[in-house]
Amino acid sequence: CAMIAETPELSLWCAAHVREVLLYAAVWPRLLAVVRFFQENPAPVLPVRLLPIEGVDTKFIEQYNGVLCQLLDVILPHGTHKIFSKRYGLPEQAPLIECAWNDPALAAQYGGFNRLAFPADQLEQIPLAASRILVVENRNSMLQVLHQPFTDGIVIFGGGFGITLLKDCQWLHQKVLYYWGDLDAHGLAILSRFRDFFPNTQALMMDETTFDAYPHAWVAGKPYPGDVPKNLSTEERQLFERLNSKLLRLEQERVRYRMLLENLES
């Protein structure tokens with residue numbers, strides 16, 4: 001307590017959080033080093049892991065994110081986000097979005113590469129060259145698609161609900177846009193979420209015909225806790241209710257290449 005009292009702004013917090021004072025007894029010197037750094041540098045322009053705080057390792061702030069947010073809220077203006085860097089406006093490295101293609105004309109445009117990862121903030125500004133874009137839920141399904149020719153097409157790895165990274169890519173509205181994910185309640189919910197951003201999205205192999213073609217590959221699904229997603233067609237909504245009530249799932253990797261090819265051609 002005497003150590004914390006050297007930062008007078010924290011005295012009221014200390015009195016109200018006795019449990020935390022004891023719980024973090026072993027690391028208070030480092031916690032207070034972080035607080036002092038931000039008192040002296042309230043708007044650092046470095047990412048969290050590059051902050052030059054003596055005696056504090058690069059992962060410490062992330063490890064003690066919760067208590068540090070409580071302390072710094074007392075002395076810094078802050079947002080409401082739970083993640084430290086977002087809460088205090090520190091710069092972050094933009095996440096990467098994986099894209100792949102097998103059209104030789106596209107490969108020539110991208111320096112001979114057929115698979116690249118683009119920073120999300122740059123991809124928002126620079127449209128991909130293909131006229132057809134297919135977003136897939138699982139990374140392995142990129143290879144499924146590219147097992148067959150996909151002319152003038154690019155496949156994007158969405159990573160489930162990670163598709164929100166694409167929401168500011170407004171140029172996708174000008175593309176022929178498809179989404180293909182697991183056939184379960186959560187996969188259809190992700191499709192609906194994607195249509196929040198891009199209502200023109202066509203579902204690929206997320207229908208009852210595809211599901212019923214693979215009864216041997218059905219596995220147990222997980223219940224979806226929310227309401228029926230709003231951006232589904234009548235048929236998709238019926239399939240959602242069937243899969244959610246019976247807890248069934250068909251993983252997209254189980255769909256055979258021939259059915260995939262037929263859907264892409266049609």
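Not measured: the values here are computed from a predicted model.
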Intermediate values then yes/no, side chain to side chain contact (heavy atoms under 4.5 Å, CB included), Leu31 and Val34 | CA-CA 5 Å; Leu31 292 172; Val34 175; 5.9 Å; no
Interatomic spacing from [atom1] in [X] to [atom2] in [Y] - rounded to 0.5 Å:
| X | Y | atom1 | atom2 | answer |
| --- | --- | --- | --- | --- |
| Asp184 | Phe211 | CG | CZ | 9.0 Å |
| Cys169 | Ile163 | SG | CD1 | 11.5 Å |
| Met206 | Tyr179 | CE | OH | 6.0 Å |
| Ile61 | Tyr88 | CD1 | OH | 10.5 Å |
| Gln39 | Glu9 | CD | CD | 5.0 Å |
| Leu51 | Phe60 | CG | CZ | 12.5 Å |

Checking [X] side chain against [Y] main chain: does a donor-acceptor pair fall under 3.5 Å?
| X | Y | answer |
| --- | --- | --- |
| His147 | Met142 | no |
| Asn244 | Ala185 | no |
| Lys175 | Ala130 | yes |
| Arg249 | Lys222 | no |
| Trp28 | Cys1 | no |
| Trp101 | Phe113 | yes |
| Tyr214 | Arg256 | yes |
| Ser141 | Gln144 | no |
| Glu124 | Asp168 | no |

Nearest heavy-atom pair of [X] and [Y]: which atoms, and what distance?
| X | Y | value |
| --- | --- | --- |
| Arg30 | Gly55 | CD-O, 3.3 Å |
| Val135 | Gly158 | CG1-CA, 4.0 Å |
| His216 | Ala213 | CE1-O, 4.2 Å |
| His173 | Asn200 | O-ND2, 3.7 Å |
| Pro229 | Ala189 | CG-CA, 3.7 Å |
| Ala120 | Ile97 | CB-CD1, 3.9 Å |

Do [X] and [Y] come close enough that some side-chain heavy atom pair is under 4.5 Å?
| X | Y | result |
| --- | --- | --- |
| Val145 | Trp180 | yes |
| Glu62 | Arg49 | yes |
| Asn231 | Pro199 | no |
| Asn102 | Asn114 | no |
| Leu96 | Pro119 | yes |
| Tyr110 | Leu128 | yes |
| Leu166 | Leu123 | yes |
| Val255 | Leu183 | no |

Run the ring-centre check on Tyr224 versus Phe240 and record whether the distance is less than 6.0 Å.
->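 Between Tyr224 and Phe240, the centre distance is under 6.0 Å.
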For the ring pair Phe38 and Phe84, is the centre-to-centre distance below 6.0 Å?
->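 For Phe38 and Phe84, the ring centres are under 6.0 Å apart.
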Please lay out, stage by stage, how Gln252 and Asn138 fare under the test side chain to side chain donor-acceptor pair (under 3.5 Å).
-> CA-CA 8 Å; Gln252 65 180 141; Asn138 300 302; 2.8 Å; yes
Under 4.0 Å between a Lys/Arg side-chain N and an Asp/Glu carboxylate O for Arg132 and Asp103?
->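 Asp103 and Arg132: not salt-bridged.
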Residues Asp196 and Lys167 bridged, charged N to O under 4.0 Å =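 The answer is no: the pair does not qualify as a salt bridge.
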Test log, rule side chain to side chain contact (heavy atoms under 4.5 Å, CB included), inputs Leu172 and Phe197 | CA-CA 10 Å; Leu172 283 171; Phe197 315 128; over 6 Å; no
Is it possible for you to say whether [X] and [Y] belong to one hydrophobic cluster, with membership spreading through side-chain heavy-atom contacts below 4.5 Å?
| X | Y | answer |
| --- | --- | --- |
| Met3 | Val74 | yes |
| Val155 | Trp171 | yes |
| Leu247 | Val219 | no |
| Phe161 | Phe157 | yes |
| Val56 | Leu46 | yes |

Is it the case that atom [atom1] in [X] sees more than 12 heavy atoms from other parts of the structure closer than 6.0 Å?
| X | atom1 | result |
| --- | --- | --- |
| Arg237 | CZ | yes |
| Leu12 | CG | no |
| Asp57 | CG | yes |

Would you sort out whether Glu92 and Val48 count as a side chain to side chain contact (heavy atoms under 4.5 Å, CB included), showing the intermediate values?
-> CA-CA 8 Å; Glu92 293 183 291; Val48 169; over 6 Å; no
Which is it for Arg36 and Ile53 under the side chain to side chain contact (heavy atoms under 4.5 Å, CB included) test, yes or no, and what are the steps along the way?
-> CA-CA 9 Å; Arg36 284 193 295 271; Ile53 306 174; over 6 Å; no
